[in-house]
Undergrad: 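Dumping the structure here so I can ask a few things about it.
Within every chain, numbering begins at 1; the chains are lettered A, B, ... in the order of the sequence lines, protein sequences first and strands thereafter.
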There are 2 protein chains.
Amino acid sequence: MKNERIYNFNPGPAALPLPVLEEIQQEFLNFKGSGMSVVETSHRSKQFEEVLEDAVNRTKRLLKIDDRYKVVFVQGGASMQFAMVPMNLLGNDESADYVNTGTWSTKAIKEAQNLSKLVRTAASSEDRNFCYIPKNIDFSKKAAYVHITSNNTIKGTQWAEFPDTKGVPIVSDMSSDIMSRPLDMSKFGLVYAGAQKNIGPAGVCMAIIREDLLDRAPAGIPTMLDYKTYVEKNSLYNTPPCFGIYTIQLVLKWIEETIGGLEKMAEINRQKGELIYSLIDGGDFYRGTADPDSRSLMNVTFRLPDEDLEKRFIASAAENGFGGLKGHRSVGGCRASIYNAATLKAVEDLTAFMKDFAEKNG
Amino acid sequence: MKNERIYNFNPGPAALPLPVLEEIQQEFLNFKGSGMSVVETSHRSKQFEEVLEDAVNRTKRLLKIDDRYKVVFVQGGASMQFAMVPMNLLGNDESADYVNTGTWSTKAIKEAQNLSKLVRTAASSEDRNFCYIPKNIDFSKKAAYVHITSNNTIKGTQWAEFPDTKGVPIVSDMSSDIMSRPLDMSKFGLVYAGAQKNIGPAGVCMAIIREDLLDRAPAGIPTMLDYKTYVEKNSLYNTPPCFGIYTIQLVLKWIEETIGGLEKMAEINRQKGELIYSLIDGGDFYRGTADPDSRSLMNVTFRLPDEDLEKRFIASAAENGFGGLKGHRSVGGCRASIYNAATLKAVEDLTAFMKDFAEKNG
């Protein structure tokens, strides 16, 4: 396998579309005829400003969002957002509702508490090891916001539909499913997404914030943790993560122009999920870990009859050119992360391999 | 010029060594035989952990630092450090001494004040538009730390020697001259450097902190702004900016193995500086803006007889393949940023161009 690319089912950083990688490689020494690499180009150059503007405009078109929403690029990943969200949006005399659907939600809750902010766990699926998305949640009408994790990479669950919060703005960590399907942004006050799963490399986080929420930030928070800093300077207050934004721009262009938009992207993702879940459901060898109505189309988590077989499955898959299938170290088992850049062909071949492995070892 | 690389004198993001860029390009689709790009590789993979470990070890060797110093990689650039430094190192009943040598020092001071921290401007060169580095500064022995900016990209000044602070640890923003010369780290408690000038792309900041300073951080600061988070998890608390760390590792390898270490790097940088400063001093056409004893070997700032000539100089340089020579928008004039990756040949050719331009227009 040394000279060939493998099928990459990594949970993140994850596969990126091959045409995007090829374009980056092709122009890496000379970016848009500038005579320098994109990583050597000024963030205030005409070339880079076009990249940034295009990334913002494509985001707005793909998600069909209006001008009340501002698209910015922040460093520090979702983990930094766990702090920025309550620092900016939650006053000291207020409370926010959080839905706990696993590891990342738990971290978001703990970070808010670490900052002495008042949060309420409005619902949790911890009672069954986070294998489902809670329903019929009684949100507080006084909550400053409702925080959810739209897709849970470790537990393999995903919100199929978003809750009715009676006008309270939803804040969602969408790190692992942004741009995988259309989105009705009108329910959301803030969406953030570390890029390294569906839209780019590690080191850049997209945030989309409704402008009326910008005024909530108190004085005295660090300049770099204030969303206004990014909105007012169009993500150019200081030197942004240029290479990451550039890659995102190319991925969004690929979604828009090659795939044909988010409806088409969602249809492909549905097909991929059906392929693998129907194989899992079609026999006794594989067992999905998430409740069927809460299953993720991004991270398919499953077990084999025993741990020894799981080890052999992962090793045999690797030998056959399927990488990244080991479950998260905190839960074990297997996981196929099939984000946007995992092709239908990759999932078809994986499914064929899984079928073959089950027949030989079942 | 569309198909050729130019001489890039950008102030940052800035030129990177061509062999480094070529290596990145060459293995961009298949990183170390993994079958995936470096931007698709897990930050917890063996391949990436080797990169990270090598970057840390090369930093320690190049700077000859002992194990009391921890090398970590943080997001947010120097601007984030302006907040992290006082949040971590400055108690509410303490004061820190800052030396103001220009735009970036001023921002560091303002950010500390924004966080309601007590800082004292121990010295400033604002009286002469920051054209020199202050001497014989009376530091407070009670200061929690002394903050300096080792090189000032906009004003073209650089600390040739570091002050004696009588045991108070120096904290230095070295974004624009880290790894350009050997360093006696024993004077420093913390050194930080946005990578995008001497060691890598934008989006990753190197921080080197003496371990005894780690205990100063109060409870309740954001996890992602606590140096301990990075030290305890070896920069892997969350997904780090992998591509940036990878590029830094390759640049450090280039400094160590191709250049031959920091003494050699410093000698080349001295030669480059001498070439261009001796041309400036050898006639009346160009005029250096910094006091000779405070001149930067990284950013050579100079003026021409009038602004019209400056415009023509910058345009003519661009036509001849010399980019990035415009001074910062806040000060005007001209600036040649000659960081590590600017070759001796590039500076020789620039100097020849400048000589020719002066003869034709002087």
Side-chain angles (χ1 to χ4, degrees), chain A residues 1-6 8 10-16 18 21-22 24-25 28-30 33-37 39-43 75-80 82-84 87 111 114-116 194 196 200-204 220 222-225 237-244 247 321 323-324, chain B residues 1-6 8 10-16 18 21-22 24-25 28-30 33-37 39-43 75-80 82-84 87 111 114-116 194 196 200-204 220 222-225 237-244 247 321 323-324:
Chain A
M1 298 306 302
K2 288 290 173 192
N3 296 312
E4 287 169 31
R5 284 177 53 84
I6 64 167
N8 177 0
N10 268 342
L16 286 170
L18 185 57
L21 296 174
E22 287 171 338
I24 294 171
Q25 183 182 45
F28 195 68
L29 297 187
N30 194 343
S34 65
M36 54 185 90
S37 173
V39 293
E40 302 176 302
T41 305
S42 171
H43 54 299
Q75 293 186 58
S79 295
M80 190 71 90
F82 297 163
M84 278 179 73
M87 286 172 90
E111 187 65 21
N114 173 49
L115 298 169
S116 302
Q196 69 271 15
V204 53
T223 306
M224 291 290 289
L225 297 193
Y237 169 75
N238 71 333
T239 315
C242 299
F243 179 79
T247 307
Chain B
M1 297 305 305
K2 288 289 171 192
N3 295 312
E4 287 169 31
R5 283 177 54 82
I6 63 166
N8 177 358
N10 268 341
L16 286 169
L18 184 58
L21 296 174
E22 287 172 338
I24 295 170
Q25 183 181 45
F28 195 68
L29 297 186
N30 193 342
S34 65
M36 55 186 87
S37 173
V39 293
E40 303 176 302
T41 306
S42 171
H43 54 298
Q75 294 185 58
S79 295
M80 190 71 90
F82 296 163
M84 278 179 73
M87 286 173 89
E111 187 65 19
N114 173 49
L115 299 168
S116 303
Q196 69 271 15
V204 53
T223 306
M224 291 291 289
L225 297 193
Y237 169 76
N238 71 334
T239 316
C242 299
F243 179 79
T247 307

Undergrad: Looking only at heavy atoms, what is the nearest atom pair of B:His43 and A:Pro13, with distance?
TA: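 Looks like ND1-CD, 3.4 Å.
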Undergrad: Counting only N and O atoms by type, is there a donor-acceptor contact under 3.5 Å from the side chain of B:Asn238 to the main-chain atoms of A:Gly76?
TA: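 Answer holds: yes.
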Undergrad: Among A:Leu16, A:Thr247, A:Val204, A:Leu18, which has the most heavy-atom pairs under 4.5 Å with chain B?
TA: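 Ranked by contacts with chain B, first place is A:Leu16.
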Undergrad: With a 4.5 angstrom heavy-atom cut-off, could you sort out which part of B:Pro222 is near chain A: side chain, backbone, both or neither?
TA: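 Both backbone and side chain.
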Undergrad: Quick one: list whatever passes salt bridge (charged side-chain N to carboxylate O under 4.0 Å, His left out) with B:Glu111, sequence neighbours left out.
TA: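 For B:Glu111 there are no salt bridge (charged side-chain N to carboxylate O under 4.0 Å, His left out) partners, ignoring immediate neighbours.
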Undergrad: Assess whether side chain to side chain contact (heavy atoms under 4.5 Å, CB included) is satisfied between A:Val39 and B:Leu21, documenting all intermediate values.
TA: CA-CA 9 Å; A:Val39 293; B:Leu21 296 174; 3.8 Å; yes
Undergrad: So which residue, B:Ser37, B:Pro201, B:Gly77, ends up with the most heavy-atom pairs under 4.5 Å with chain A?
TA: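 Ranked by contacts with chain A, first place is B:Ser37.
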Undergrad: What part of B:Met84 gets within 4.5 angstrom of chain A, counting heavy atoms only: side chain, backbone, both, or neither?
TA: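 Answer is neither: B:Met84 stays 4.5 Å or more from chain A.
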Undergrad: Using non-hydrogen atoms only, which part of B:Ala15 is less than 4.5 Å away from chain A: side chain, backbone, both, or neither?
TA: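 Contact with chain A: backbone and side chain both.
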Undergrad: Testing the basics here: between B:Gly203 and A:Gln75, what is the closest heavy-atom pair and its distance to 0.1 Å?
TA: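 Between these two residues, the closest heavy atoms are O-OE1, 3.2 Å.
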Undergrad: Count the heavy-atom pairs under 4.5 Å between each of B:Gly323, B:Gly200, B:Ser79, B:Gly244 and chain A, then report the option with the highest count.
TA: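 Counting heavy-atom pairs under 4.5 Å, the top option is B:Ser79.
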Undergrad: So which of B:Met224, B:Met87, B:Gln196 has the largest heavy-atom pair count under 4.5 angstrom toward chain A?
TA: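 Ranked by contacts with chain A, first place is B:Met224.
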Undergrad: For the pair A:Leu225 and B:Leu225, evaluate side chain to side chain contact (heavy atoms under 4.5 Å, CB included) and give the outcome as yes or no after the intermediate values.
TA: CA-CA 10 Å; A:Leu225 297 193; B:Leu225 297 193; 3.5 Å; yes
Undergrad: For the side chain of A:Gln25 and the backbone of B:Gln25, is there at least one donor-acceptor N/O pair under 3.5 Å apart?
TA: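 Yes, the answer is positive, given that a donor and an acceptor are paired below the 3.5 Å cut-off.
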Undergrad: Which of the residues B:Thr223, B:Leu29, B:Asn114 is involved in the greatest number of heavy-atom pairs with chain A at under 4.5 angstrom?
TA: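 Ranked by heavy-atom pairs under 4.5 Å with chain A, first place is B:Leu29.
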Undergrad: Against chain A, label B:Asn10 side chain, backbone, both or neither, depending on which of its atoms sit under 4.5 Å from a heavy atom there.
TA: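 Only the side chain of B:Asn10 comes within 4.5 Å of chain A.
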Undergrad: Between A:Phe243 and B:Phe28, what is the ring plane arrangement, given parallel below 30°, perpendicular above 60°, and tilted in between?
TA: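 Perpendicular.
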Undergrad: List the residues meeting side-chain hydrogen bond (donor to acceptor under 3.5 Å, both in side chains) with A:Glu40, not counting sequence neighbours, and say none if there are none.
TA: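 Per chain and number, A:Glu40 pairs via side-chain hydrogen bond (donor to acceptor under 3.5 Å, both in side chains) with B:Arg5.
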Undergrad: Can you tell me which portion of B:Ala202 sits under 4.5 Å from chain A's heavy atoms? Options are side chain, backbone, both or neither.
TA: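 Both the backbone and the side chain of B:Ala202 come within 4.5 Å of chain A.
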Undergrad: Nearest 0.5 Å please: distance from the CG atom of A:Asn8 over to the OG atom of B:Ser34.
TA: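 Answer rounded to 0.5 Å: 8.0 Å.
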Undergrad: Under a 4.5 Å heavy-atom cut-off, does chain A meet the side chain of B:Ser116, its backbone, both or neither?
TA: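 For B:Ser116, there is no contact with chain A at all, as no heavy atom is under 4.5 Å.
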